[in-house]
Amino acid sequence: MAERVRVREIDDDEGQRLLQIIRRGTGSVVTWRRAQMVLLSAQGMPVDKIAAVTFTSPDRVRDMIHNFNADGFNSLYPQYKGGRPRTFTLPERREIKKISKSKPAEHGLPFSTWSLVKLADFLVAEGVVDEISHEGLRILLREESVTFQRVKTWKASNDPDYAAKKARVEHLYAIADGEVLPDPGEPEVIFSIDEFGPLNLQPHPGYTRPHGVRHLFAAYDLGKDQLYGHIKKSKNRSKFLEFCRYLRSLHPAEKRIAIVCDNYSPHLTTKRCRRVADWAEANNVEIAYTPTNSSWLNRIEAQFTALRYFTLDGTDHLSHKEQGSMIRRYIIWRNKHAQDERLREVVNRANVA
């Protein structure tokens, strides 16, 4: 059997960067679609299913994964021909980026952070490049989405249970994708859940809308490829449990389900409040948390991107009722047309990856 095509292991910094590209939904649609393919592969989704979710062909997904494995984030951006050639080669850019994201102390330097002067001098001294101007270095780092603020506040996952949590989430995804059979007592239904928002209304000159904001509690059934959502005025532990009870009601009580979510405080069980854990234990539910600073593992993020693209971009709803109706109708439409060939044609024309 041929080895399954999958993106290389990515770290939390790369995962957060992919998630940022997808969530923003701005800039090149080509970059957005390619980042979505890579993130889904990093979450363990097989090629055929990625192709179905992104409305493209499996061959194109495989090519994208191979390109990312070889060239990293450069492969996400269209390489339009013409214009001035790049000053630095790809290996040089990779090494500059790698050094810029490291700490000076790792290279035996008595500095806590880099500056353009220190970094440029070090690159030349180490023979990475023959010469580089401060402005040229600034432009290169900007193109590689590296900032000095990011270096100083770079947050890797410090979760002591990182490996175990990540492995558990990936195992649940494998169950949902049909790659492994659940052992006795394991969940048969897997949901990814998160909140989307805040959903606000665009103010107009001359008047305001003093109606607050709304929040979309959404869940993605990985096995059925179905999206569910409830709009609430606030997001707290009580509202989270209300939505979880709704998800539980969709299946018989004897069928065990799993809910994958991040470490947002209303999702957690604490010493002062054990409502989430007590409810899960009493209702045959497993709550699986992504590791700290690794919410990019949650597969529902791509669904939020599509929701924004098809429903919210370019809109100006007059009320939350109108906005909520639009979102609910999109979810119904999306679930009915998830595999519709006409939808694939429309999306492929708009989002050529």
Side-chain angles (χ1 to χ4, degrees), residues 6-20 22-23 38-45 72-73 97-107 112-113 146-147 149-177 179-180 182-183 185-187 190-195 219-220 222 235-237 240-241 244 256-302:
R6 183 173 178 178
V7 73
R8 62 168 173 77
E9 189 75 17
I10 66 173
D11 59 33
D12 287 321
D13 189 43
E14 293 175 316
Q16 295 291 2
R17 182 176 172 187
L18 287 169
L19 188 58
Q20 187 179 54
I22 293 173
R23 276 182 168 175
V38 172
L39 182 59
L40 291 175
S41 180
Q43 293 170 347
M45 185 177 289
F73 281 85
K97 179 180 177 181
K98 178 181 176 181
I99 293 174
S100 69
K101 293 179 67 175
S102 65
K103 297 179 180 179
E106 296 175 6
H107 304 279
S112 59
T113 59
V146 176
T147 68
Q149 289 78 11
R150 176 173 295 179
V151 172
K152 288 188 285 187
T153 61
W154 180 27
K155 295 173 68 176
S157 179
N158 58 358
D159 195 324
D161 300 320
Y162 177 86
K165 288 181 178 179
K166 185 173 184 287
R168 183 56 184 167
V169 169
E170 290 180 336
H171 179 69
L172 292 174
Y173 288 166
I175 292 175
D177 295 335
E179 296 184 342
V180 299
D183 294 330
E186 281 199 312
I190 316 297
F191 289 103
S192 285
I193 186 172
D194 201 359
E195 294 82 23
Y220 179 52
L222 278 66
K235 54 178 182 179
N236 51 42
R237 191 169 282 111
F240 172 69
L241 284 173
C244 288
R256 187 164 176 78
I257 70 173
I259 295 176
V260 177
C261 57
D262 60 22
N263 293 274
Y264 180 50
S265 57
H267 304 163
L268 301 176
T269 297
T270 65
K271 293 181 179 179
R272 298 181 60 184
C273 182
R274 288 190 47 83
R275 285 192 295 163
V276 174
D278 292 342
W279 174 83
E281 184 177 349
N283 290 274
N284 198 21
V285 175
E286 174 186 347
I287 307 292
Y289 296 103
T290 60
T292 305
N293 297 330
S294 297
S295 59
W296 55 269
L297 272 171
N298 197 331
R299 283 191 180 177
I300 199 172
E301 296 296 342

I need the minimum non-hydrogen distance between Lys165 and Pro291, along with the two atoms involved.
CB-CG, 3.8 Å

Please identify each residue that fulfils side-chain contact (heavy atoms from CB on, under 4.5 Å) with Arg168, with sequence neighbours left out.
His171, Leu172, Glu186, Pro187, Glu286

Of the non-hydrogen atoms in Ile193 and Cys261, which two are nearest, and what is the gap between them?
CG2-CB, 3.5 Å

Heavy-atom distance under 4.5 Å between the side chains of Val260 and Thr290, does that happen here?
yes

Taking side chain as C-beta onward, heavy atoms only, is Ile10 less than 4.5 Å from Leu18?
yes

Are Cys244 and Val285 packed together at the side-chain level, in the sense that at least one heavy-atom pair is separated by less than 4.5 angstrom?
no

Short question: side chain of Asp177, backbone of Glu179 - any donor-acceptor pair under 3.5 Å?
no

Asn298: side-chain hydrogen bond (donor to acceptor under 3.5 Å, both in side chains) partners, not counting sequence neighbours
Ser192

Find out whether Cys273 and Arg237 are in side-chain contact, i.e. whether some heavy atom of one side chain is under 4.5 Å from a heavy atom of the other.
yes

Check whether any side-chain heavy atom of Trp296 sits under 4.5 Å from a side-chain heavy atom of Glu14, and report yes or no.
no

dist Ile22:CD1 -> Leu40:CG (nearest 0.5 Å) comes out at 6.5 Å

Identify, with sequence neighbours excluded, every residue that meets side-chain hydrogen bond (donor to acceptor under 3.5 Å, both in side chains) alongside Asn284.
Arg256

Working to the nearest 0.5 Å, report the span between CG of Asp194 and NZ of Lys235.
8.0 Å

Separation between CD of Glu195 and OH of Tyr264, rounded to the nearest 0.5 Å:
6.5 Å

Smallest heavy-atom separation, Leu268 atom then Asn263 atom, equals CD1-O, 3.5 Å

Between side-chain atoms of residues 274-283 and protein atoms elsewhere (two or more places apart, or another chain), which donor-acceptor pairs fall under 3.5 Å?
residue	atom	partner	partner atom	Å
Arg275	NH1	Ser238	OG	3.1
Asn283	ND2	Trp279	O	2.7

Hey, are the side chains of Asp12 and Tyr162 touching, using non-hydrogen atoms and a 4.5 Å cut-off?
yes

Does the Tyr289 side chain pair with the main chain of His267, one donor and one acceptor, at a distance under 3.5 Å?
yes

Applying side-chain contact (heavy atoms from CB on, under 4.5 Å), name anything that partners Glu106, two or more places apart in sequence or on another chain.
Ser102, Lys103

Taken in chain and number order and not counting sequence neighbours, the residues that satisfy side-chain hydrogen bond (donor to acceptor under 3.5 Å, both in side chains) with Gln43 are none

